[in-house]
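Please read the structure below before turning to the comments.
For the single chain, residues carry numbers from 1 onward in sequence order. Basis for what follows: all heavy atoms, side chains included, without hydrogens, waters or symmetry-related copies.
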Amino acid sequence: MNELNNIKSDLEEIVGIIIKAKENAFRKVNEELIEMYWTIGKKLSENSQKTGYGDKYIDGIAKLIHNIHPELKGFNR
């Protein structure tokens with residue numbers, strides 16, 4: 001019976017480690033995505049002000065991304 005309790009305890013500890021690692025991985029991915037979107041937004045904002053085209057500049061970039069890199073999803077206007 002004691003061996004069964006040890007196995008259950010080990011299992012719970014291992015599952016806890018797995019769950020914590022997955023949560024940490026999701027958190028890191030989200031941090032990277034936030035950083036990416038912020039950097040892209042900043043660059044688009046700065047460049048659209050410089051060009052004077054505003055929305056047309058952003059539309060143009062979105063179309064180029066779609067045409068040149070169709071595998072990149074979620075970067076449309």
Side-chain angles (χ1 to χ4, degrees):
M1 190 68 156
N2 192 22
E3 186 175 333
L4 182 59
N5 287 337
N6 288 340
I7 291 173
K8 285 182 179 180
S9 176
D10 289 347
L11 175 65
E12 289 175 16
E13 184 178 354
I14 290 168
V15 169
I17 291 168
I18 293 167
I19 290 170
K20 184 177 178 182
K22 283 185 166 191
E23 289 171 353
N24 289 341
F26 287 131
R27 192 174 301 110
K28 293 288 185 189
V29 168
N30 284 335
E31 288 174 11
E32 288 297 320
L33 288 173
I34 290 167
E35 177 71 23
M36 177 193 67
Y37 286 123
W38 187 89
T39 302
I40 291 170
K42 181 180 179 199
K43 182 150 193 74
L44 288 174
S45 177
E46 290 170 353
N47 289 347
S48 68
Q49 289 174 7
K50 288 178 191 175
T51 63
Y53 297 122
D55 285 344
K56 288 185 181 181
Y57 170 77
I58 294 172
D59 286 338
I61 293 290
K63 286 176 185 174
L64 283 172
I65 290 172
H66 176 72
N67 290 337
I68 297 171
H69 295 282
E71 75 280 4
L72 298 176
K73 304 294 181 196
F75 294 98
N76 57 9
R77 177 71 171 121

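- In this structure, the separation between CD1 on Ile7 and CG on Asn2 is 10.5 Å, given to the nearest 0.5 Å.
- For the atom pair CD1 of Ile34 and OG1 of Thr39, the computed distance is 11.5 Å after rounding to the nearest 0.5 Å.
- For Arg27 and Asn30, the side-chain atoms include no donor-acceptor pair closer than 3.5 Å.
- Criterion: ILVMFWY side-chain heavy atoms under 4.5 Å apart, direct or through other members. Under it, Ile58 and Leu72 are part of a common hydrophobic cluster.
- Interatomic distance, OG of Ser45 versus NZ of Lys43, reported as 11.5 Å (0.5 Å rounding).
- Rounded to the nearest 0.5 angstrom, Asn5 CG and Asp10 CG are separated by 11.0 Å.
- Separation of atoms CD (Glu35) and CD1 (Ile40) is listed at 10.5 Å; rounding is to 0.5 Å.
- Contact of the Tyr57 side chain with the Leu44 side chain is registered, since non-hydrogen atoms from C-beta on lie closer than 4.5 Å.
- Under the 4.5 Å side-chain heavy-atom criterion for Ile, Leu, Val, Met, Phe, Trp and Tyr, Leu33 and Phe75 are members of the same hydrophobic cluster.
- Atom CD1 of residue Ile65 and atom CD of residue Glu71 lie 10.5 Å apart, to the nearest 0.5 angstrom.
- Under a hydrophobic clustering in which Ile, Leu, Val, Met, Phe, Trp and Tyr are joined whenever their side-chain heavy atoms come within less than 4.5 Å, directly or via other members, Met36 and Val29 fall into the same cluster.
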